[in-house]
Amino acid sequence: MQVDLTEIDGGLAMLLERSRQSLASCKETVLFLKNRAKVEEEYSRSLQKLVQTTLKTMDHGKPTDPSNTQQAAWQRLVEVHETLASNRMKFSITLSEMSDYLSNYVKTKENVRRKLKDTEQKYQKAIEETEVLLEKARGKYETQSSEWERLLMKSGGSKVEGGAGGDRGGSFAQSGSAPNSQSAISKTKNVGSAVSGIFSKHKGSTQESLERMGQEAGVKAKVANEAYKRLLHQTNAMRRDFYDVQLPKILASVMGLIEEVDQFLKFSLGKYAYTYESAVLADAITLKPVDANGDCTSVGMVEMIGDIDTKADLDAYLQAAARSGGRVNRDSIPYKEYEMSTMARLYANPRPIFGVPLDVQLARDKHPVPMILAKCADAVEAFGLQNEGIYRQSGQNSQVNKLRNEFDLDAEHVDLRSSAYASDINTITSVLKMYLRELPGGLVPLQQRSAMLALFPADEPEHAPDVATYNADDHVLAQKIGGIASAIRSMAVPNRNTLAYLFGHLDKVQAFQEYNMMNSENLGIVFGPTILPAANNPANAAMDIRRSAKLVKFILDNRRAIFEAL
């Protein structure tokens, strides 16, 4: 049964929707073929990888023995799987090509469908625009006709009300005489009365104007009528062309598109079915080959496994092993000591320095000064001399404890020039101060500490003159320098060398006091209590701290004179 879609409202839209469904079916097929190709490709690659891995395993073993039936069957079995992988890869490539071809076909037909839809919309838009213009022309025509009708009625009514002038009105309506002649006739009558004449003149002027306006309105109504008829003819012609000529063509094209797409989809599905059947058949022939007559007389996988003779293989193996075997080694197994890593040996045998007497650790490590002092001073002089508040600011506790543990494990292998520590100089200075504070007996032994602090009595003025301003011949300055030098000279060699190294380093720090704000007085405040701990008596602790700060400041201000006198 044929359906005339030109007679159905929305017939083209219905047909376009049907074509969209056909193209959507093609897209679904494209997606199916693409994913099916991926599945086959993954299967092929996985099978190929398994084959390669198996072949490698076989190559790593002993050379293949042709007389070994199991090895021969295994080799042929792997080759069969390699052929299966190749077959599936070919199938995957074919599916991918089919998917690409069908995808390109769908894109082409979608463009055709879009053009047909656009063509129909273009005609519809043109018709709608013409109908809008037609409606405007009709409205204008009706408006003009209505205005003409109103003026005609008003002009005719005016003639009737004129009474004596009824003959004039009838004469104009019949003969269509000019308004000027009508006005002249009306002026020759009723001349006896002035008032009556005035009213008669006024009525004639109004009638004249109404007739003129009526004539103009009639002309406008005729022009609007002609424009309305012309647009009506044009719109009807356009509608007849669309519904009788163009729409059937578009419908036929869309119908042809649907039939073509459906047939092509059917062809593609048939091709897929044939290709799939061929691939499965190729696998079957690989597993069970046939001869020229199509009979399954060749050796298949089952026959390959059936050819294995396990007893013969075992006998051949034992005979080969007996021919090539050597004598059993019955010697005792020697002892082999375990070699621990460097870090493990350090953990097993740590070399602590915190809380270890100075002379003990220097004798053990065979260094003139503690390695922690040398390494920390080197890092500060390399990266921290211009850091404001150096030695006054403290590092983060977690980092300080971490670095302390590293020094306690093995000071030799601590690298303070690495980026991890160079960027946090306050951690290094805090560890050094902690080491000096925890040094058993202090860096300056009690006897020498008391002798040096005695040079700075508690009753000395708080703001005594700066020792740097003393005259070189001043007896007090010479006495203090000599006393301090004598006390240092009486120290043990480890303490004396370490103290000299420390003050040499602090002298370099104060040389950059313009940047780090650490002059001899500030360094004395920091290092006085560190190397000269306060007495156990709390009453004298505050005084001892101030005296130790003065002592360190004095030594820094007169370092060369003091240590050259040793």
Side-chain angles (χ1 to χ4, degrees), residues 339-385 387 390-445 448-449 488 491-509 516 518 523 526-533 552 555 563:
E339 289 290 335
M340 298 179 68
S341 64
T342 303
M343 290 304 298
R345 288 198 300 271
L346 290 176
Y347 285 124
N349 302 289
R351 300 167 66 88
I353 58 174
F354 282 83
V356 178
L358 185 62
D359 56 343
V360 173
Q361 61 176 290
L362 293 184
R364 179 196 68 194
D365 299 337
K366 296 180 174 55
H367 289 295
V369 297
M371 285 301 297
I372 185 172
L373 173 60
K375 287 178 178 289
C376 290
D378 176 68
V380 170
E381 292 168 10
F383 307 111
L385 289 178
N387 280 33
I390 187 72
Y391 281 114
R392 189 170 62 223
Q393 298 184 8
S394 301
Q396 189 176 359
N397 286 337
S398 60
Q399 295 300 316
V400 171
N401 292 330
K402 178 176 179 293
L403 183 57
R404 171 188 172 139
N405 292 335
E406 290 185 19
F407 270 114
D408 242 356
L409 186 64
D410 185 14
E412 290 280 355
H413 291 86
V414 176
D415 182 13
L416 296 182
R417 284 182 170 264
S418 65
S419 58
Y421 291 112
S423 60
D424 188 12
I425 201 70
N426 293 327
T427 297
I428 297 175
T429 58
S430 297
V431 170
L432 177 58
K433 289 187 294 183
M434 183 184 294
Y435 167 77
L436 294 174
R437 283 196 301 269
E438 297 182 11
L439 199 61
L443 179 58
V444 179
Q448 287 79 8
R449 183 189 319 161
I488 295 175
M491 294 181 187
V493 175
N495 298 73
R496 185 169 64 242
N497 291 342
T498 303
L499 189 67
Y501 191 97
L502 174 62
F503 275 95
H505 166 63
L506 295 180
D507 191 32
K508 295 178 182 179
V509 173
N516 56 39
M518 295 298 290
L523 289 172
V526 173
F527 279 91
T530 300
I531 62 177
L532 299 164
V552 172
I555 296 175
F563 286 97

Met371 vs Ile353 side-chain heavy atoms within contact, under 4.5 Å: no
Would you say that Val552 contacts Val526 through its side chain, given a criterion of any heavy-atom pair below 4.5 Å between the two side chains? no
Aromatic ring pairing Tyr435/Phe354, orientation class (parallel under 30°, perpendicular over 60°, tilted between): perpendicular
Taking Asn495 for the side chain and Val444 for the main chain, is one N or O donor matched with an acceptor at less than 3.5 Å? no
Which atom names give the shortest non-hydrogen contact between Gly395 and Ser430, and what distance separates them? N-OG, 2.9 Å
Results of salt bridge (Lys or Arg N to Asp or Glu O under 4.0 Å) for Arg496 - residues two or more places apart only: none
Got Val400 and Val431 here, is their nearest side-chain heavy-atom distance under 4.5 Å? yes
Hey, are the side chains of Arg417 and Phe383 touching, using non-hydrogen atoms and a 4.5 Å cut-off? yes
Please tell me if the side chains of Leu409 and Glu406 come closer than 4.5 Å, counting only heavy atoms from C-beta onward. no
Could you check whether any side-chain heavy atom of Asn387 comes within less than 4.5 Å of a side-chain heavy atom of Gln393, counting everything from C-beta outward? no
Minimum heavy-atom distance Pro357-Pro440, with the two atoms named: N-CG, 3.8 Å
Closest non-hydrogen atom pair, Val356 against Gln361: O-NE2, 3.0 Å
Once rounded to the nearest 0.5 Å, what's the spacing between atom CG of Leu403 and atom CG of Leu432? 10.5 Å
Treating Asn516 as the side-chain partner and Leu385 as the backbone partner, does any N or O pair qualify as donor plus acceptor under 3.5 Å? yes
Pairwise side-chain contact, Leu362 with Pro368, heavy-atom cut-off 4.5 Å (strictly under): no
Report yes or no: does Asp507 contribute a side-chain atom to a donor-acceptor pair with the main-chain N or O of Phe503 at less than 3.5 Å? no
List for me each residue that meets salt bridge (Lys or Arg N to Asp or Glu O under 4.0 Å) alongside Asp408, sequence neighbours excluded, and say none if there are none. none
Hey, could you give me the CE/CG distance between Met491 and Leu358, rounded to the nearest 0.5 Å? 11.0 Å
Check: Phe527 ring centroid to Tyr391 ring centroid under 6.0 Å: yes
Considering all heavy atoms of both residues, which atom of Thr498 and which atom of Pro370 are nearest to each other, and what is their separation? OG1-CD, 3.4 Å
Heavy-atom closest pair, residues Arg449 and Leu532: CG-CD2, 3.5 Å
Any donor and acceptor pair, going by atom type alone, linking the side chain of Lys508 with main-chain N or O of Glu381 inside 3.5 Å? no
Do Met434 and Ile372 come within less than 4.5 Å of each other through their side chains, counting heavy atoms only? no
Quick one: CD1 on Ile555 to CG on Leu502, what's the gap to the nearest 0.5 Å? 9.5 Å
Quick check against the 3.5 Å criterion: does Asp365 have a side-chain atom that pairs as donor or acceptor with the backbone of His367? no
Asp378 side-chain N/O to Ala374 backbone N/O, donor-acceptor pair under 3.5 Å: no
Could you tell me whether the side chain of Gln399 and the main chain of Thr427 form a donor-acceptor pair under 3.5 Å? no
Sequence neighbours excluded - salt bridge (charged side-chain N to carboxylate O under 4.0 Å, His left out) pairs with any residue from residues 427-440: Arg404-Glu438
Kindly compute the distance separating CG (Leu436) from CG (Leu373), expressed to the nearest 0.5 Å. 7.0 Å
Out of curiosity, Phe407 CZ to Glu412 CD, how far, rounded to the nearest 0.5 Å? 10.5 Å
Any donor and acceptor pair, going by atom type alone, linking the side chain of Thr429 with main-chain N or O of Asn426 inside 3.5 Å? yes
